[in-house]
Amino acid sequence: MHNDVEKVLYSEEQIKTRVAELAAQIRRDFDGQDLLTVGVLRGAVMFYADIVRELDMPLHMNFMSLSSYGASSRTSGAVRIQYDLEEDIAGRNVLIIEDIVDSGLTLSYLTKTLRSRNPATLKTCCLFDKPERRQVDFSADYVGFVVPDVFIVGYGLDYAEKYRNLKYIGELKREIYE
Ligand code: IMP
Ligand code: MG
C-alpha cells in the first residue's frame, strides 16, 4: 500500500466485479441501440477503459475534458470545458462516463451543456458517488459505489495529479490534503 494511503477502500477485484455489474445493467438498457460513450478526462480513464470492454456491444468512444480542482480537495465552483466533443450528438444515445460525483457541479454543468445539443437520450454513469457533499441537485443514472465524505485516490483518481495509477481505491491520509 502507498504511504499516503490511510486504507484500501476497494480492491482491484472489487472494482472489477462492480464494473462488470454496471456494464451488464447498461447493456440491458441499451440493447440493440447505438451508443456514444463520452469519457471525462482524466479521472475516468481507467474506469472508462474497463467498462467499455465489459460492455461488449457496438459503441462509439469519445472524450471531454473539464476543469478540475487543481491542488485542492474542494471544488472551485467554476466549471469550464477544456476539450470538447468534435462531433454532433443530436438524436444520439449519449452515455457520460465519469469517475465521481461530489458537489455535483461538474456533472450538472456537463449534462446541461450536452442536453442543449439535443441528444435522443443522455445518461450518466459514475463509479463513485459522495451524496453527503452535494451542492446542487444531481443524481447519476448508474452508480458503482456510494462513498463517505473522505478523499479517495487511485484507479484514475488523483490528488494534485498524483496516485492515478494505483490499482485500488484508497482513502488519502487527511494530513496530505488538509
Ligand atoms: P464535483 O463537481 O464536485 O461533483 O466534482 C467532480 C470532480 O471532482 C470529479 O470528477 C473528480 O475529478 C473530483 N473529485 C471529487 N471528489 C474526489 C475524490 O475524493 N478524489 C479524487 N477526485 C475527486
Ligand atoms: Mg473528474
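Bear in mind that the values here come from a model prediction, so they are computed numbers and not experimental data. First listed ligand is number 1; within each ligand, the first listed atom is number 1.
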Among Glu98, Arg42, Lys130, closest by any non-hydrogen atom to atom 19 (O) of ligand 1:
Lys130
Heavy-atom proximity to atom 6 (C) of ligand 1 ranks first, among Asp158, Val147, Thr106, Val79, for Thr106
Does Asp29 have any salt bridge (Lys or Arg N to Asp or Glu O under 4.0 Å) partners at least two apart in sequence or in another chain, and if so, which?
none
Of all the heavy atoms in Gly43, does at least one lie under 4.0 Å from an atom in ligand 1?
no
Residue part near ligand 1, for Leu157, under 4.0 Å between non-hydrogen atoms:
side chain
Answer yes if the side chains of Tyr155 and Asp50 hold a donor-acceptor pair under 3.5 Å, and no otherwise.
yes
For residues 88-96, which side-chain N or O atoms pair as donor and acceptor with protein atoms under 3.5 Å away, sequence neighbours left out?
unit_1 : atom_1 : unit_2 : atom_2 : d
Asp88  : OD1    : Ala90  : N      : 3.2
Arg92  : NH1    : Glu87  : OE1    : 2.9
Arg92  : NH1    : Asp88  : O      : 3.4
Asn93  : OD1    : Thr121 : OG1    : 2.7
Asn93  : ND2    : Gln33  : OE1    : 3.3
Asn93  : ND2    : Asp34  : O      : 3.0

Judged by non-hydrogen atoms, does Asp99 sit under 4.0 Å from ligand 1?
yes
For ligand 1, which is the ligand I care about here, please tell me if Gly104 has any N or O atom under 3.5 Å from one of the ligand's N or O atoms.
yes
What I'd like to find out is whether the side chain of Asp99 reaches to under 4.5 Å of the side chain of Val40, using heavy atoms alone.
no
Val153 to ligand 1: N or O pair under 3.5 Å?
no
Which atoms of ligand 1 sit under 4.0 Å from any heavy atom of Ser103?
1 (P), 2 (O), 3 (O), 4 (O)
Residues Arg18 and Glu21 bridged, charged N to O under 4.0 Å:
yes
Heavy-atom distance under 4.5 Å between the side chains of Val5 and Leu166, does that happen here?
yes
